[in-house]
There are 2 protein chains.
Amino acid sequence: MLGASEHIGTNAHVGQFASSGTMSSADAPADRFERGTIRRIEAKEHVFCDGDPRTHVFRIEEGVIALSKLLGDGRRQIIEFAYPGDYIGLGTLREHIFDAQATCAAKVRCLSATALEQEASRDASLALRLYKAVSAELAAARSLLVSVGQQSAMERLAGFLVGLSARTEGDENVVKLPMRRSDIADLLGLTIETVSRTITKLRTMKVIDVVRGTEVHILDGDRLVELAGQ
Amino acid sequence: MLGASEHIGTNAHVGQFASSGTMSSADAPADRFERGTIRRIEAKEHVFCDGDPRTHVFRIEEGVIALSKLLGDGRRQIIEFAYPGDYIGLGTLREHIFDAQATCAAKVRCLSATALEQEASRDASLALRLYKAVSAELAAARSLLVSVGQQSAMERLAGFLVGLSARTEGDENVVKLPMRRSDIADLLGLTIETVSRTITKLRTMKVIDVVRGTEVHILDGDRLVELAGQ
DNA sequence: CGTTCATTTGAGTGAAGTCAAACCGAGTGG
DNA sequence: CCACTCGGTTTGACTTCACTCAAATGAACG
């Protein structure tokens with residue numbers, strides 16, 4: 001099984017941020033969302049781990065970060081995939097309670113959690129932005145919960161592809177999968193084999209076509225949405 | 001199946017709040033969390049429905065409210081049980097995207113959503129409280145997701161009972177179940193029958209005892225925690 | 001060209017679902 | 001006070017969807 005194999009020691013990932021200039025922003029100068037250094041993350045590298053002190057909040061600039069919970073016996077549930085523009089590490093706890101691991105090469109912007117929250121306690125509009133950001137995460141988590149709790153493997157996978165397609169810029173009918181089958185399986189509460197078999201079934205149904213394992217061409221979008229249920 | 005049987009018309013539940021005096025608060029006078037009228041809710045009555053405009057935020061004063069999503073074919077996923085002290089209806093969307101239904105007789109405090117959010121845009125400390133409240137909900141939703149996505153029926157049910165016991169004031173080993181089996185099933189992503197069978201198994205294992213179907217006596221708390229996994 | 005890692009496919013099993021019937025406790029009315 | 005109903009729960013028999021274990025295939029890379 002996948003897991004924390006690449007990760008050596010609880011804090012190995014902290015402290016060696018690639019020093020990149022702060023991006024010049026057209027926004028208000030005090031906008032913490034636009035400052036912070038950029039850090040490069042390799043595929044499978046951790047941004048932070050379950051149990052680490054929550055020192056930073058990160059904004060994804062490139063790639064995909066999987067937030068996940070690892071159970072004692074190796075089972076893993078992915079909580080969400082964070083895509084460019086998303087924030088990870090928000091919340092009020094002193095320590096992280098999830099792993100954050102890149103599913104492919106990625107870049108994140110690092111923002112000091114304490115600075116952010118100190119400023120939020122003075123600046124209501126920043127606090128409201130944080131509120132809206134977590135609210136969006138909450139909606140996403142609940143929607144995934146409905147899927148995992150009630151839907152069949154086919155419905156979950158079709159829904160996942162529909163969601164990915166909606167996120168995709170450019171041709172909505174060509175979706176790149178920037179993660180392994182095991183990541184999809186752990187997101188949807190299935191096994192790798194079931195994910196693979198379901199993809200195969202969608203292919204034989206001529207609803208999708210798969211190129212080199214990582215690129216999904218949606219041949220019949222309406223049917224896919226239908227298969228996703230509501 | 002359960003569902004919206006008690007509910008007649010999308011907005012039948014709005015507008016007939018029981019007029020109760022605003023509670024005198026030791027807090028700051030501007031504290032919106034302490035004002036608002038109290039509304040009585042009968043068992044199975046809706047506080048609000050999926051699709052209703054989000055006019056109010058509610059604080060549970062008594063009883064339990066189930067937040068749920070109903071799928072087209074009757075399947076239902078409960079997102080969370082809201083207990084006294086919890087808030088429901090937070091978020092930034094104009095409309096509710098879930099049903100909120102009492103599992104037993106309940107009372108909620110009604111707070112104007114617009115007033116709350118207008119004030120939050122001026123008062124950073126209020127905005128931060130909202131932020132913290134949703135963050136807590138987010139953590140709860142994610143934890144349930146892990147359970148539903150990865151754990152067996154026994155693990156889910158044991159975990160549910162452990163969680164209830166932790167919430168219980170007074171004797172931690174006597175847990176009242178203020179909801180039906182169908183509510184527990186829809187929360188955990190199981191069927192009524194599986195919930196019932198699992199409870200029976202816990203009884204034959206002498207880990208719990210059940211009195212009149214609604215009162216669980218925890219006989220072996222350590223074992224229960226063990227069965228819940230992590 | 002061989003190694004490694006990811007994915008696919010196959011065969012068999014099992015945990016939870018479905019359908020159906022029995023049971024139980026709380027009201028209600030004769 | 002008992003019979004009857006009604007909603008909820010439990011139990012039983014059977015089915016199925018997804019899991020497990022195992023092997024084959026495919027892609028990437030030195």
Side-chain angles (χ1 to χ4, degrees), chain A residues 1-3 5-6 42-44 66 71 73-77 103-105 147-158 160 176-204 208-216 227 229, chain B residues 1-3 5-6 42-44 66 71 73-77 103-105 147-158 177-204 208-216 227 229:
Chain A
M1 196 160 266
L2 248 160
S5 52
E6 288 289 319
E42 288 164 44
K44 294 209 241 172
L71 272 58
D73 56 0
R75 283 176 289 178
R76 185 178 70 144
Q77 177 66 42
T103 67
C104 59
S147 195
V148 170
Q150 300 300 326
Q151 298 194 297
S152 69
M154 178 58 85
E155 289 172 318
R156 291 183 224 182
L157 199 74
F160 172 69
K176 195 94 180 52
L177 296 180
M179 71 282 290
R180 334 216 158 287
R181 297 288 182 273
S182 60
D183 295 321
I184 300 176
D186 290 348
L187 178 80
L188 301 178
L190 302 169
T191 58
I192 313 180
E193 295 94 328
T194 300
V195 169
S196 180
R197 275 186 247 274
T198 309
I199 288 177
T200 301
K201 186 174 275 178
L202 283 171
R203 257 192 316 148
T204 63
I208 63 171
D209 193 20
V210 182
V211 179
R212 223 164 320 102
T214 71
E215 206 176 277
V216 175
L227 287 167
Chain B
M1 196 160 263
L2 250 158
S5 51
E6 289 289 320
E42 288 165 43
K44 294 209 240 168
L71 272 58
D73 57 358
R75 284 176 287 179
R76 185 178 70 144
Q77 177 66 42
T103 67
C104 59
S147 194
V148 170
Q150 300 299 325
Q151 298 194 297
S152 69
M154 179 57 87
E155 289 171 318
R156 292 183 223 180
L157 199 75
L177 296 181
M179 70 282 290
R180 337 219 155 282
R181 297 287 183 272
S182 61
D183 296 321
I184 301 176
D186 289 347
L187 179 79
L188 301 178
L190 302 168
T191 58
I192 314 179
E193 294 94 330
T194 300
V195 169
S196 179
R197 274 186 248 273
T198 308
I199 288 177
T200 302
K201 186 176 274 178
L202 281 171
R203 256 191 318 148
T204 62
I208 64 171
D209 194 19
V210 181
V211 179
R212 224 161 321 102
T214 71
E215 205 176 279
V216 175
L227 286 167

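Naming convention: chains lettered A, B, ... in sequence-line order (proteins, then strands); numbering from 1 in each chain.
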Quick one: A:L190 CG to C:dT7 P, roughly how many Å, whole number?
15 Å
Output the rounded distance in Å from CZ (B:R180) to P (C:dA26).
13 Å
B:E193 CD - C:dA20 P separation (whole Å)
12 Å
Check: A:Q151 and B:Q77 side chains under 4.5 Å, non-hydrogen atoms:
no
Just wondering, more than 12 heavy atoms not from A:E42 lying within 6.0 Å of its CD?
no
Atom CZ of A:R203 and atom C1' of D:dG26 are separated, to the nearest Å, by 12 Å
Give the residues of residues 148-158 of chain B touching DNA chain C, defined as any heavy atom closer than 4.0 Å, sorted by residue number.
B:S152, B:A153
Please state whether the phosphate of C:dA6, meaning OP1 or OP2, lies under 4.0 angstrom from any side-chain nitrogen or oxygen of A:R181.
no
Distance check needed: C:dA15 P versus B:L188 CG, whole Å only.
18 Å
Using a 4.5 Å cut-off on heavy atoms from C-beta on, say whether the side chain of B:L202 contacts that of B:L227.
yes
Please determine if a side-chain N or O atom of B:S196 lies less than 4.0 Å away from the OP1 or OP2 oxygen of D:dT10.
yes
Determine: side-chain N/O of B:T200 to OP1/OP2 of D:dT10, distance under 4.0 Å, yes or no.
no
Check if the side chain of A:R212 and the base of D:dG26 share a donor-acceptor pair of N or O atoms closer than 3.5 Å.
no
Side-chain ion pair, A:D183 and A:R76, N-O less than 4.0 Å:
yes
Nearest-Å distance for atom pair CD/P, residues B:E42 and D:dG7
16 Å
Under 4.0 Å from OP1 or OP2 of C:dG17: is there any side-chain N or O of B:T194 that close?
yes
Write down the distance between CG (A:D186) and P (C:dA6), rounded to a whole number of angstrom.
13 Å
Can you check whether B:I208 reaches B:R203 side chain to side chain, under 4.5 Å on heavy atoms?
yes
Specify the residue among A:T191 and B:I199 whose closest nucleotide of DNA chain D lies further upstream toward the 5′ end.
B:I199
Whether B:T103 side chain and B:P178 backbone form a donor-acceptor pair below 3.5 Å:
yes
Would you indicate, yes or no, if D:dC17 has its OP1 or OP2 atom less than 4.0 angstrom from a side-chain nitrogen or oxygen of A:K201?
no
By nearest nucleotide on DNA chain D, pick out whichever of A:R197 and B:I192 is the more 5' one.
B:I192
Residue pair A:R197 / A:K201, side-chain heavy-atom distance below 4.5 Å
no
Rounding to an integer number of Å, can you tell me how far A:E215 CD sits from D:dA27 P?
14 Å
